[in-house]
Amino acid sequence: MDTMRSEMEKDILKILVTEEQLKTRVAEMGEELYEKFQGKKPLFLGVLKGSFVFMTDLVRACQLKSDVEFIAVSSYGNATASSGRVKINHDLQQDITGRHLIIVEDILDSGNTLAFLKQYFLTKGAASITIVTLLDKPARRTKAITADLSGFTVPDEFVVGYGLDYAQMYRNIPYIGVLKPEVYAGT
């Protein structure tokens with residue numbers, strides 16, 4: 001880690017994606033979305049809480065006339081693996097009929113959440129749904145769903161930082177790191 005002070009770095013086993021790699025890839029992803037959605041006024045839909053850092057940078061990197069919305073769902077709680085049941089904790093605050101949705105997720109893991117959300121938004125009348133994820137962890141996939149745009153493929157390790165958490169902590173680390181197993185052992 002550079003000269004930045006962090007009380008969390010002692011809990012990080014290794015860095016998977018550096019701050020610089022994140023900035024470069026998010027800029028590229030913003031450009032791809034710009035090309036795809038010019039003139040369509042898409043709705044960026046962030047899945048809280050994990051997507052908030054990524055979505056902020058992605059929306060700035062994609063200079064389109066667009067608006068943002070958030071949905072909060074849960075399937076993890078404070079556990080390290082998804083329960084498989086998705087619950088909406090905070091729903092959309094606007095009608096999405098005929099809108100082009102860009103679902104922004106921090107990580108595509110089991111696929112349970114995104115499979116649920118894709119079907120949910122289709123029933124609410126979305127014109128199109130594009131799934132954008134910062135991280136793709138295909139080793140954990142249990143649902144037949146893929147991202148339309150993905151930042152990085154990561155191994156089956158417990159990752160934190162840049163919005164991703166463990167027990168609501170580590171979201172503010174500016175890179176993607178692997179959490180030391182002893183930090184979450186016993187959960």
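Please read these numbers as outputs of a predicted model, since none were measured by experiment. Throughout, numbering of the chain's residues begins at 1 and tracks the sequence.
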Do the non-hydrogen side-chain atoms of [X] and [Y] ever get within less than 4.5 Å of each other?
X	Y	result
Glu105	Val132	no
Ser128	Leu101	no
Arg99	Asp67	yes
Lys49	Gln168	yes
Ile12	Val160	yes
Phe116	Ile145	no
Val159	Tyr170	no
Val73	Asn89	no

Please round to the nearest 0.5 Å and tell me the distance separating atom [atom1] of [X] and atom [atom2] of [Y].
X	Y	atom1	atom2	result
Leu108	Ile131	CG	CD1	7.5 Å
Asp109	Lys137	CG	NZ	4.5 Å
Asp57	Phe52	CG	CZ	10.5 Å
Leu22	Leu135	CG	CG	8.0 Å
Glu28	Leu33	CD	CG	12.0 Å
Leu45	Leu117	CG	CG	8.0 Å

Would Lys36 and Glu31 count as a salt bridge (Lys or Arg N to Asp or Glu O under 4.0 Å) here? Give the steps. CA-CA 9 Å; Lys36 182 175 179 177; Glu31 186 60 34; over 6 Å; no

Hey, is the main chain of [Y] close enough, under 3.5 Å, to the side chain of [X] for a donor-acceptor pair?
X	Y	value
Ser66	Leu43	no
Arg25	Gly151	yes
Arg60	Met55	no

Ionic contact status for Glu157 with Arg140, cut-off 4.0 Å: no

Using a strict 4.0 Å threshold on nitrogen-to-oxygen distance, state whether Asp136 and Arg141 make a salt bridge. yes

State whether a side-chain donor-acceptor pair under 3.5 Å links Gln94 with Glu69.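 On atom types as modelled, these side chains qualify, holding a pair under 3.5 Å.
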
Which atom names give the shortest non-hydrogen contact between [X] and [Y], and what distance separates them?
X	Y	value
Asp106	Gly163	OD2-O, 4.5 Å
Gly98	Ala127	O-CB, 3.4 Å
Leu64	Gln38	CD2-CA, 3.7 Å
Phe54	Met29	CZ-CE, 3.8 Å
Glu7	Lys10	O-NZ, 3.4 Å
Ile176	Gly161	CD1-O, 3.5 Å

Show your working on side chain to side chain contact (heavy atoms under 4.5 Å, CB included) between Phe37 and Cys62 and close with a plain yes or no. CA-CA 10 Å; Phe37 289 99; Cys62 183; over 6 Å; no

For Asp91, which residues count as a side-chain hydrogen bond (donor to acceptor under 3.5 Å, both in side chains) partner, sequence neighbours excluded? Tyr120

Thr97: which residues meet the side-chain hydrogen bond (donor to acceptor under 3.5 Å, both in side chains) condition with it, sequence neighbours left out?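 Applying side-chain hydrogen bond (donor to acceptor under 3.5 Å, both in side chains) to Thr97 gives Asp95.
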
If the condition is salt bridge (charged side-chain N to carboxylate O under 4.0 Å, His left out), which residues does Asp11 pass it with, not counting sequence neighbours?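 Per chain and number, Asp11 pairs via salt bridge (charged side-chain N to carboxylate O under 4.0 Å, His left out) with no residue.
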
Would you check, one step at a time, whether the test side chain to side chain contact (heavy atoms under 4.5 Å, CB included) holds for Phe158 with Val178? CA-CA 6 Å; Phe158 199 95; Val178 175; 5.7 Å; no

Apply side chain to side chain donor-acceptor pair (under 3.5 Å) to Thr18 and Gln21, showing your working. CA-CA 5 Å; Thr18 68; Gln21 289 172 310; 3.3 Å; yes

How about Tyr175 and Tyr162: are their ring centres within less than 6.0 Å of each other? no

When you look at Phe70 and Leu92, which way does the side chain to side chain contact (heavy atoms under 4.5 Å, CB included) test go after all the steps? CA-CA 7 Å; Phe70 293 94; Leu92 301 174; over 6 Å; no

Please test Lys65 against Lys40 for side chain to side chain contact (heavy atoms under 4.5 Å, CB included), starting from the C-alpha separation and ending with a verdict. CA-CA 8 Å; Lys65 290 181 181 175; Lys40 294 184 179 172; over 6 Å; no

